[in-house]
2 protein chains.
Amino acid sequence: MLTERQLLILKVIIDEFIKSANPVGSRAIAKKDQINYSAATIRNEMADLEEMGYLEKTHTSSGRIPSEKGYRYYVDHIIAPTIKRSEINILNKILENGYFEVEQVVQKAAEVLSRLTNYTSIILGPAIYEAKLKQIQILPLSQHTAVSILVTDTGHVEHRSFSIPFDIKPSDLEKMVNILNDRLYGVPLIYLHEKLHHEVVHLLRKYVNDFEKAYAYLDMMFFQEQPVKVYVGGKSNILLQPEFRDVNKLHSFYTMMEDENEVIKLFQRHEEGIQVRIGKENKADVIKDFSLITATYHTGGDQTGTIALLGPTRMEYRKVISLLNAFSFEMTEALYLWYKGD
Amino acid sequence: MLTERQLLILKVIIDEFIKSANPVGSRAIAKKDQINYSAATIRNEMADLEEMGYLEKTHTSSGRIPSEKGYRYYVDHIIAPTIKRSEINILNKILENGYFEVEQVVQKAAEVLSRLTNYTSIILGPAIYEAKLKQIQILPLSQHTAVSILVTDTGHVEHRSFSIPFDIKPSDLEKMVNILNDRLYGVPLIYLHEKLHHEVVHLLRKYVNDFEKAYAYLDMMFFQEQPVKVYVGGKSNILLQPEFRDVNKLHSFYTMMEDENEVIKLFQRHEEGIQVRIGKENKADVIKDFSLITATYHTGGDQTGTIALLGPTRMEYRKVISLLNAFSFEMTEALYLWYKGD
DNA sequence: TGTTAGCACTCCAGGTCATCGAGTGCTAAT
DNA sequence: ATTAGCACTCGATGACCTGGAGTGCTAACA
């Protein structure tokens with residue numbers, strides 16, 4: 001257990017290091033107003049804090065830097081109670097100018113978050129599987145091509161273009177689409193395949209000739225797995241951080257960020273509310289000296305998405321946490337209003 | 001005018017520098033099989049080439065590196081005739097596995113291009129304005145929200161979600177959409193607005209109450225300028241190039257790449273066929289020590305798009321040019337087949 | 001007993017200096 | 001016209017020094 005004084009010193013060191021990115025020495029701390037002890041006393045305390053694992057040295061006679069354990073303690077016990085909602089209106093003001101769609105809200109939020117923090121923001125769109133089917137449509141383009149369009153009650157639109165195999169009759173496709181619209185309206189996308197398979201198949205078989213081929217085809221058009229959408233803002237902000245001057249680290253980072261699937265993997269097992277992953281607490285090796293702070297947001301349709309900020313372990317945790325808190329609140333609100341039609 | 005020998009030496013120097021990224025000295029050249037002169041002779045020729053502006057020195061006693069003029073000459077007179085179509089099947093093989101849509105073809109091509117070259121690939125989707133209107137649709141989601149969907153004959157789908165103002169009647173919207181579909185079918189998107197304004201407006205006014213508001217609204221939904229789609233692959237490849245170890249250069253580069261509009265600006269005034277822009281020949285300052293090589297491709301619908309590779313001025317011009325040549329050919333072919341329905 | 005002043009020690013950053021090697025330009029010989 | 005030879009230049013590298021920031025420890029002090 002830490003004493004009051006150790007706690008204070010740990011806080012000052014981390015605050016200072018977050019600002020400067022340089023190891024913090026005892027003299028610098030002693031000079032602070034909040035501190036009324038001599039450098040020597042601080043040194044003793046720092047030695048203790050290091051022994052306990054909250055601080056580290058870069059070499060024998062250097063100042064101290066926070067360890068991951070130190071950051072963890074800082075986040076859990078020092079700044080946690082200080083979360084404010086003072087920024088509560090930041091996003092709202094920006095959204096006032098008429099951003100309507102879910103995707104636009106999300107994209108704009110990513111942009112703003114990264115601009116406000118100088119970190120990289122990542123937003124996962126709401127998982128569309130909870131959304132309910134509004135309409136399915138097949139529109140012929142030419143004799144052998146068509147475009148399929150699927151619309152959900154949340155305004156989400158999926159579409160694909162296809163060539164139509166010679167052995168499928170357009171009229172059959174049409175019939176099938178009619179049946180599907182009739183029977184699958186209002187079904188959450190996540191159950192679409194199941195419902196189709198169990199309750200609708202027999203209808204299709206009944207009304208449509210050469211059922212097998214057309215069915216397989218339909219399945220391909222509408223029910224292919226669609227990944228969650230990812231919005232990233234401020235990728236270049238990483239370059240501003242002094243700890244990432246090493247081009248090798250940068251390369252693996254940027255390579256990862258180019259692959260949407262890899263980015264999504266960063267969020268495995270994310271839970272409700274705010275979550276802080278410091279350094280090696282992140283599963284992915286590429287970001288083992290980054291910190292990832294995530295928060296969830298909700299749409300009116302009971303879907304949830306994730307907003308996150310990615311930066312060096314030396315992150316402005318206090319600011320980022322309160323900001324994410326505010327944003328998740330505001331996004332939830334904005335999307336709820338939109339969904340309910342105001 | 002350059003002599004045979006100067007030409008040969010210039011070629012060897014540039015080839016060598018492209019490989020190694022290090023200034024090339026006279027001895028290194030003399031050792032080459034193709035060269036039957038002593039280092040001293042080479043030195044004299046190099047001095048001449050430098051005087052003429054094709055070569056540069058990094059300092060008084062360094063080897064030579066090509067100047068931008070040197071690269072320009074190399075591209076225009078030395079390698080131009082060597083373009084082959086040997087890679088003609090690269091993309092085809094990849095597309096065989098069933099990539100159907102225009103967007104998928106384009107995206108895949110960007111990926112492959114950057115992987116094959118280790119440069120950054122940029123592809124502009126075909127300008128959709130040439131595409132013709134297939135269908136307009138408004139689908140109500142809730143009482144006060146709707147989604148608009150616009151489909152072209154090329155399978156391109158644009159959609160937006162909207163809140164419906166209280167003072168617009170859904171029934172009016174519906175009427176208007178019907179009229180639009182009737183009158184604007186087959187019209188190229190680029191003329192949509194014009195045609196709407198001149199030929200269709202009076203119909204709308206006739207049949208729809210409270211015409212003004214609804215019309216303004218409609219205009220907003222369907223006829224907002226949509227930028228060309230941009231696909232970028234291999235952004236992280238830039239980090240592999242020794243000349244871009246400087247983090248400051250990287251920052252401006254990556255910041256630019258995050259902004260689609262900025263990326264599109266790079267392609268102002270691009271013309272039919274292959275085009276090479278070396279260093280400061282590029283208008284944009286950010287890429288003034290990059291080279292940008294562009295080629296055009298076509299879809300069956302007479303639309304054209306652009307594929308490009310962005311790398312250091314020390315680029316493998318020969319390889320890149322022949323590759324872009326092949327890709328533009330193959331993409332044109334693949335898209336033509338798709339459009340014509342095979 | 002907790003705090004602090006003092007001091008020896010460590011290590012890094014930065015500057016100077018000598019050296020080496022790759023390269024050039026010029027001159028004179030072929 | 002070509003080339004061998006030579007003096008010269010410059011960057012990269014490593015050895016060495018110094019100053020400064022920082023530590024840990026000891027002993028003195030309240």
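Everything numeric here is computed off the predicted structure, so don't read it as measured data. Chain identifiers are assigned alphabetically (A, B, ...) following the order of the sequence lines, protein sequences preceding nucleic acid strands; residue numbering begins at 1 within each chain.
- In this structure, the CD1 atom of A:I65 is 14 Å from the P atom of C:dC12, given to the nearest Å.
- Applying the 4.0 Å criterion to OP1 and OP2 of C:dA22, one finds that B:R64 has every side-chain N and O outside that range.
- Of all heavy-atom pairs between A:L266 and A:L292, the closest is O-CD2, 3.9 Å.
- Closest-nucleotide positions on DNA chain D for B:H59 and A:G25 were compared, and the one nearer the 5' end corresponds to B:H59.
- Atom CD1 of A:I293 is separated from atom OG of A:S121 by 13.0 Å, given to the nearest 0.5 angstrom.
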Distances for protein N/O vs nucleotides 26-30 of chain C N/O pairs under 3.5 angstrom?
none

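- Separation of atoms CD (A:E316) and NZ (A:K19) is listed at 10.0 Å; rounding is to 0.5 Å.
- When rounded to the nearest whole Å, the span between CD of A:E56 and P of D:dG22 equals 18 Å.
- Between the CG atom of A:L55 and the P atom of D:dG24 there is a distance of 11 Å, given to the nearest Å.
- Note: CD1 (A:I13) to C1' (D:dG22) measures 13 Å, nearest angstrom.
- Following rounding to the nearest Å, B:N22 (CG) and C:dG21 (P) show an atom-to-atom distance of 18 Å.
- For the atom pair CD1 of A:I278 and CZ of A:R72, the computed distance is 4.0 Å after rounding to the nearest 0.5 Å.
- Atoms CE (A:M46) and P (D:dA21) sit 15 Å apart, rounded to a whole Å.
- Distance from the side chain of A:Y37 is smallest to C:dT3 among D:dA4, C:dT3, C:dG25.
- In this structure, the NZ atom of B:K31 is 10 Å from the C1' atom of C:dA22, given to the nearest Å.
- Rounded to whole angstrom, the span from the CD1 atom of A:I42 across to the P atom of D:dT23 amounts to 10 Å.
- Among the protein residues, A:T41 comes within range of the nucleic acid bases, having at least one heavy atom under 4.0 Å from a base atom.
- For A:S62, no side-chain nitrogen or oxygen approaches OP1 or OP2 of C:dT10 to under 4.0 Å.
- Contact between the side-chain N/O atoms of B:T60 and the OP1/OP2 oxygens of D:dT9 is not found at any separation under 4.0 Å.
- At a cut-off of 3.5 Å, with distance as the only test, no side-chain donor of A:T255 or A:S252 sits close to an acceptor on the other residue.
- Taking the six-membered ring where tryptophan is involved, the planes of B:Y317 and B:Y71 are tilted, since the angle between them lies from 30° to 60°.
- For the pair A:K57 and B:N36, both in contact range of DNA chain D, the more 5′-proximal nearest nucleotide belongs to B:N36.
- In this structure, the ring of B:F244 has its center no less than 6.0 angstrom from the ring center of B:F253.
- The side chain of A:S26 places an N or O atom within less than 4.0 Å of a non-bridging phosphate oxygen (OP1 or OP2) of D:dT23.
- Distances shorter than 4.0 Å separate none of the side-chain N or O atoms of B:S61 from OP1 or OP2 on C:dA22.
- A:R27 has no side-chain polar atom (N or O) that falls below the 4.0 Å cut-off from OP1 or OP2 of C:dA5.
- A side chain to side chain donor-acceptor pair (under 3.5 Å) with A:S26 holds for exactly one of A:R64, A:E45, A:R43; it is A:R43.
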